[in-house]
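Written out below as structure tokens is the structure these notes cover.
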Amino acid sequence: MTTNDKSAAQAEHTQTAPGLEPNDRYDAQRIETKWMERWQSNPSLYAAEKDSSHKKYYVLEMLPYPSGVLHMGHVRNYSIGDALARYMWMNGYNVLHPMGWDSFGLPAENAAIQNNTPPREWTLRNIASMKAQMTRIGFAYDWSREVTTCLPEYYRWNQWFFLKLYEKGLAYRKKSKVNWCPKCATVLANEQVVGGRCWRHEDTVVEQRELEQWFLRITNYADELLRDLDKLEGWPEKVKTMQRNWIGRSEGTLVDFKLADPGDSANATITVFTTRVDTIFGATSVQLAPEHPLVQELAAKDPKLRAEVDQLIAEQRKAKEVGDIGAIEKHGVATGRFALNPFNGEKIPIWVANYILMDYGTGAIMSVPAHDERDYDFAKKFALNIRRVIVPRISHTDETAELTLPFTTMDGLLVNSGEFDGLSCADALKKMAGHAESKGFGKATVTYRLKDWGVSRQRYWGTPIPMLYCEKDGIVPVPEKDLPVILPEKIDVSLTGGSPLSHVPEFVNATCPKCGGCARRETDTMDTFVDSSWYFYRYTDAHNDHAPFDTKTANYWFSIDQYIGGVEHAILHLIYSRFWTKFMRDMGLVENDEPIHRLFTQGMVIKDGAKMSKSLGNVVSPDEMIARYGADSARMYSLFAAPPDRDLDWQDKGIEGIQRFLSRVYRFIHRNAQPDHSDRHKPVPADLTPEARNIQRKLHKTIKRVSDDFQGRWHFNTCIAAIMELVNELYAFEENARTASSANIPLLADVQRKLVIMLAPFAPYLAFELWEMLGETSNLLKESWPQYDPALAKEDEIEIPVQVSGKLRSVVTVPADATEELIKTAALNDDKIKKLIDGKQMVKLIVVPGKLVNLVVR
RNA sequence: GCCGGGAUGGCGGAAUUGGCAGACGCGCUGGACUUAGGAUCCAGUGCCCUAAAGGCGUGCAGGUUCAAGUCCUGUUCCCGGCACCA
């Protein structure tokens with residue numbers, strides 16, 4: 001093409017100011033406002049069908065805490081889910097795509113104190129503004145199923161579940177150590193303790209307090225929670241590993257060591273937990289945690305020991321705060337008392353050591369220095385006996401070699417172990433556990449790191465625990481018919497000291513349902529993780545006021561086909577949810593064992609190398625992005641900038657590229673749409689010009705790439721790139737298309753339609769506008785996804801790289817289905833190649849049809 | 001310490017099975033159009049070399065192979081999780 005032709009063609013395309021119509025330019029605000037209004041006027045647009053002949057698909061993003069503003073992490077999370085939901089709709093599924101609010105929790109109470117706004121009002125206002133933001137972005141949620149956990153319609157079912165748990169013995173009350181923040185004057189959950197400090201008061205060290213608390217017996221399900229992880233093929237390995245570690249199953253043996261001189265001790269028996277009972281003949285001391293009851297008992301009578309023990313406790317606590325327990329130097333003190341090894345009657349000293357933790361196992365161990373690294377270090381330091389009781393199987397191969405200690409592997413045989421000598425470690429484990437059990441001083445057991453779930457919170461803004469305390473009848477559950485126990489609204493949340501609810505006499509004073517006498521209401525509220533443990537079932541039947549949900553309906557929708565959220569919930573929310581489902585299954589409420597079929601954890605949004613945060617001043621506001629570039633650009637960029645499972649590095653200029661791309665699409669269709677043309681739905685003819693054929697081929701390759709990504713690895717960044725490539729080719733083709741024969745018109749119409757459909761999951765506003773511009777009247781939301789046609793995607797000719805001794809030297813063009821022979825000939829006849837191999841000896845000739853040629857010469 | 005993930009141009013990132021490294025986007029350079037351009041369009045853009053030719057190049061060091069970002073061995077650094085778990 002000459003320069004003149006080019007500029008003439010361009011002049012035609014360029015929109016000059018005088019003739020500029022308002023619609024000639026991509027105006028995101030105009031388009032998005034227009035369609036947002038249309039979509040809002042049709043509330044059932046995204047509603048899941050109740051009785052559907054279509055296959056169901058339940059796609060869910062983790063529900064947000066209504067802080068009041070959406071951040072980029074939300075936008076990214078929801079853009080992934082929204083794209084998927086839209087894709088599934090276009091593939092004919094009955095899609096359930098709901099949204100709700102995890103709206104109980106401490107920030108509402110803080111806001112109440114700071115702004116003098118009641119928590120409920122503050123929360124509901126935040127919900128309204130976040131919902132408006134979501135609507136503005138155009139997320140396709142079925143709002144008729146909206147769940148707001150802080151409303152009685154929802155939390156009454158938390159209470160109902162609590163009663164069921166209590167009935168089944170899965171909810172119980174016990175005194176235990178809890179994290180206490182002196183500044184908040186309340187208990188903190190483990191997850192709210194960061195490095196030993198309060199998550200909201202970085203300068204405040206969390207204390208331990210003994211309190212009566214409600215617990216849920218999640219440990220009853222520990223084994224199943226662990227085992228079923230293997231079923232979760234659609235979960236990231238990383239999350240499953242984290243859960244396995246969290247559950248921390250460990251098989252071992254409990255062994256009772258009696259005090260050699262019990263006197264009148266209340267703790268005359270020390271039960272130790274060991275995974276290596278096979279080494280028990282090598283035990284040369286018993287080591288106790290500083291907080292062990294026997295230690296406390298002894299310390300009470302011995303001021304010197306008291307001081308030493310207190311110091312050990314302080315050390316452990318400090319190490320926990322700093323987060324490097326494990327790095328502190330091992331030391332301890334002898335108590336002066338002795339215990340008897342039940343296997344051989346040996347009298348061994350009892351020590352207290354700072355490396356023994358009260359909250360794992362029994363808080364007591366038998367110390368076997370010869371076969372445990374930690375015990376070895378300790379024994380060396382304090383000159384305790386070290387006795388080998390395991391020898392390596394292969395020791396005879398090198399008798400002169402000194403056998404190094406500690407020897408900690410299981411690959412050995414027992415020695416110095418009385419009747420158990422000669423057994424392998426594995427056999428000894430079984431035999432010796434059996435021996436202990438038959439003699440009544442021990443038994444095989446399984447220990448978990450997982451603890452029962454403490455759900456009591458001394459806070460106001462949560463679900464009241466539906467329990468009463470009657471002087472006569474003790475703990476009495478609130479009868480089901482009296483639910484919900486309503487959270488009172490008129491309350492001064494600034495009062496400290498105990499649970500805020502305890503300052504509300506109207507709430508506290510109640511009547512005992514058993515005896516009719518006076519009762520005191522439980523004033524603690526539930527952990528908000530209770531709310532999020534089952535909310536996704538409520539979506540299936542959100543307005544049921546007879547039950548949390550209808551079983552049949554839930555069974556239709558469950559499991560969740562795809563759950564999407566941040567990896568920070570890998571343990572807590574996701575393990576509680578799994579527990580809740582198992583409990584509901586056991587009570588016959590659902591059929592499925594697991595709530596979530598596939599889980600996707602998206603990466604964080606970072607900027608300038610750090611997580612976005614106010615203190616760093618690197619926060620990008622979605623509102624600002626939407627105002628500047630439009631919602632389509634904002635959400636599409638969040639998918640384009642990185643694969644969704646990786647961290648996304650936000651670049652201010654990057655979103656401009658997306659806006660530019662969307663403008664290009666807009667302009668192309670604006671110029672080429674032919675809404676009045678009756679030919680637009682005509683079948684695409686087979687005899688296209690080569691240029692048109694190229695476009696058709698590119699179209700089908702793009703369809704394949706985009707479809708594959710939705711079904712496979714979800715690398716939306718690459719499939720958006722593929723759509724960009726298609727548009728780039730359309731631009732190159734454009735002049736040809738518009739001047740060439742009318743035969744191209746049906747193709748051009750076809751390409752534009754399919755392009756718009758493929759754009760719809762990523763940039764729905766623009767897609768709907770363009771769909772209309774193309775003269776289409778159908779609902780794009782449920783338009784069918786384009787079918788990939790391999791025949792149309794097939795190349796006629798391909799380029800084959802030709803290497804000489806592994807280095808690229810030339811490229812030959814051959815028919816796509818060229819045989820090995822043909823490719824070889826083409827390569828050997830290539831001028832550049834001929835020159836290079838001239839006079840050389842051909843050592844090897846590799847031809848990979850469709851891929852390359854490599855000529856190895858010498 | 002243990003378990004994951006990662007390291008590729010100036011930047012974000014491609015390369016799905018061992019087969020042309022750097023798709024796509026940003027940025028930059030040049031050109032066109034324009035009263036103007038922070039709009040748009042076209043072209044170029046890994047590094048070295050004046051250009052051609054050529055050489056080098058996916059954290060580092062080796063290895064396997066006709067061929068390695070991709071597989072193997074060792075190693076460094078970064079991010080995340082767990083951590084005296086008996």
Side-chain angles (χ1 to χ4, degrees), chain A residues 3 6-7 9-11 13-17 25 236-239 241-242 244-246 248-250 252 272-276 287 316 319 323-330 353-357 359-368 372-375 377-378 447-449 567-568 570-571 603-604 606 609 637 640-643 645-658 660-661 663-664 667 705 708-709 712-713 715 717-725 728 731-732 799-811 843-846 848 850-856:
Chain A
T3 312
K6 216 178 189 174
S7 40
Q10 273 163 19
H13 298 164
T14 308
Q15 299 112 44
T16 47
R25 199 172 54 83
E237 210 47 57
K238 178 175 147 179
V239 173
T241 305
M242 284 166 77
R244 273 187 202 109
N245 291 341
W246 185 263
R249 185 181 196 275
S250 171
V272 308
F273 173 73
T274 176
T275 54
R276 291 296 303 275
Q287 300 285 344
Q316 284 192 336
D324 65 350
I325 201 161
I328 57 173
E329 202 180 327
K330 292 178 189 39
N354 64 347
Y355 74 101
I356 309 301
L357 307 172
D359 52 12
Y360 183 78
T362 59
I365 66 153
M366 59 177 204
S367 174
V368 185
D372 182 285
E373 203 121 1
R374 296 154 300 178
D375 295 343
D377 290 349
F378 193 88
T447 297
Y448 298 93
R449 212 187 76 107
V567 75
E568 64 272 18
I571 308 276
M604 285 188 305
I606 60 174
Y637 177 65
F640 177 71
D645 52 339
R646 276 219 250 155
D647 285 351
L648 183 159
D649 186 25
W650 187 276
Q651 306 208 343
D652 289 328
K653 287 280 182 184
I655 187 171
E656 289 180 19
I658 293 292
R660 206 168 294 156
F661 164 69
S663 304
R664 274 165 72 81
R667 283 195 307 273
R705 283 182 66 180
D708 282 356
D709 253 314
R713 28 173 232 167
H715 280 195
N717 56 331
T718 59
C719 68
I720 291 169
I723 299 172
M724 287 174 171
E725 286 181 44
N728 289 347
Y731 264 68
E799 291 188 330
I800 300 275
V802 183
Q803 298 179 338
V804 176
S805 297
K807 286 193 199 280
L808 179 69
R809 296 300 179 190
S810 185
V811 174
V843 181
K844 207 164 185 181
L845 176 67
I846 289 126
V848 185
K851 292 283 185 194
L852 64 35
V853 177
N854 190 5
L855 304 141
V856 186

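Residue numbers begin at 1 in each chain, while the letters A, B, ... track the order of the sequences. Everything numeric in this text was worked out from a predicted model, so none of it was measured.
In this structure, A/D359 reaches neither bases nor backbone, as no heavy-atom distance under 4.0 Å exists between it and the strands shown. Residue contacts for A/F640: at a heavy-atom cut-off of 4.0 Å it reaches a base atom on one of the strands shown. At the heavy-atom level, A/R809 lies under 4.0 Å from the strands shown only through sugar-phosphate atoms. Residue contacts shown for A/I356 include a base, since a base heavy atom lies under 4.0 Å away. Among the atoms of the strands shown, none is found under 4.0 Å from any heavy atom of A/D645. Across all strands, A/V848 comes closer than 4.0 Å to base atoms (heavy-atom distances).
Across the C1' atoms, B/rG38 and B/rG46 are found 28 Å apart, a figure rounded to whole Å. Here, B/rG30 and B/rC48 have their C1' atoms 23 Å apart, quoted to the whole Å. The same atom, C1', is picked in B/rG9 and in B/rU73; the two are 29 Å apart, to the nearest Å.
Panel note: side chain A/Q316, backbone A/N354; a donor-acceptor pair is recorded below 3.5 Å. Side chain of A/Y731 to backbone of A/R664: a donor-acceptor contact under 3.5 angstrom is found. Judged purely by atom type and a 3.5 angstrom limit, A/Q803 has no side-chain atom pairing as donor or acceptor with the backbone of A/S810.
Between B/rG81 and A/N245, no contact under 4.0 Å exists linking OP1 or OP2 to a side-chain N or O. At least one side-chain nitrogen or oxygen of A/R374 sits closer than 4.0 Å to the OP1 or OP2 atom of B/rC85. Of the side-chain N and O atoms in A/T362, none sit less than 4.0 angstrom from OP1 or OP2 of B/rA86. Between B/rG4 and A/R244, no contact under 4.0 Å exists linking OP1 or OP2 to a side-chain N or O. Between A/R660 and B/rG27 there is a side-chain polar atom (N or O) within less than 4.0 angstrom of OP1 or OP2. When the side-chain nitrogen and oxygen atoms of A/K807 are compared with OP1 and OP2 of B/rC56, one or more of them lie within a distance under 4.0 Å. Residue A/R646 places at least one side-chain N or O closer than 4.0 Å to OP1 or OP2 of B/rA14.
The listed nucleotides are B/rC11, B/rG27, B/rA15; the one nearest the side chain of A/K653 is B/rG27. With B/rA15, B/rC66, B/rG13 as the candidates, the nucleotide lying closest to the side chain of A/P643 is B/rG13. When distances run from any side-chain atom of A/I846 to the nucleotides B/rA86, B/rC24, B/rC66, the shortest one goes to B/rC66.
With sequence neighbours left out, the side-chain hydrogen bond (donor to acceptor under 3.5 Å, both in side chains) criterion links A/T447 to no other residue.
Counting all heavy atoms, side chain and backbone alike, A/A641 lies closest to A/L648 at CB-CG, 3.9 Å.
Separating the CZ atom of A/R449 from the P atom of B/rC84 is a distance of 9 Å, rounded to the nearest angstrom.
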For RNA chain B, the dot-bracket notation using Watson-Crick and G-U wobble pairs below 3.5 Å, [ ] for pseudoknot-type crossings and | for other-strand pairs, is (((((((..(((......[....)))((((((.......))))))(((.....)))..(((((..]....))))))))))))....

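Evaluation of atom-type donor-acceptor distances gives a pair under 3.5 Å for the side chain of A/N854 against the base of B/rC66.
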May I have the step-by-step check of side chain to side chain contact (heavy atoms under 4.5 Å, CB included) for A/I720 and A/R705, ending in yes or no?
CA-CA 9 Å; A/I720 291 169; A/R705 283 182 66 180; over 6 Å; no

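Relative orientation of the A/W650 and A/Y637 rings is perpendicular, given thresholds of 30° and 60° on the angle between their planes.
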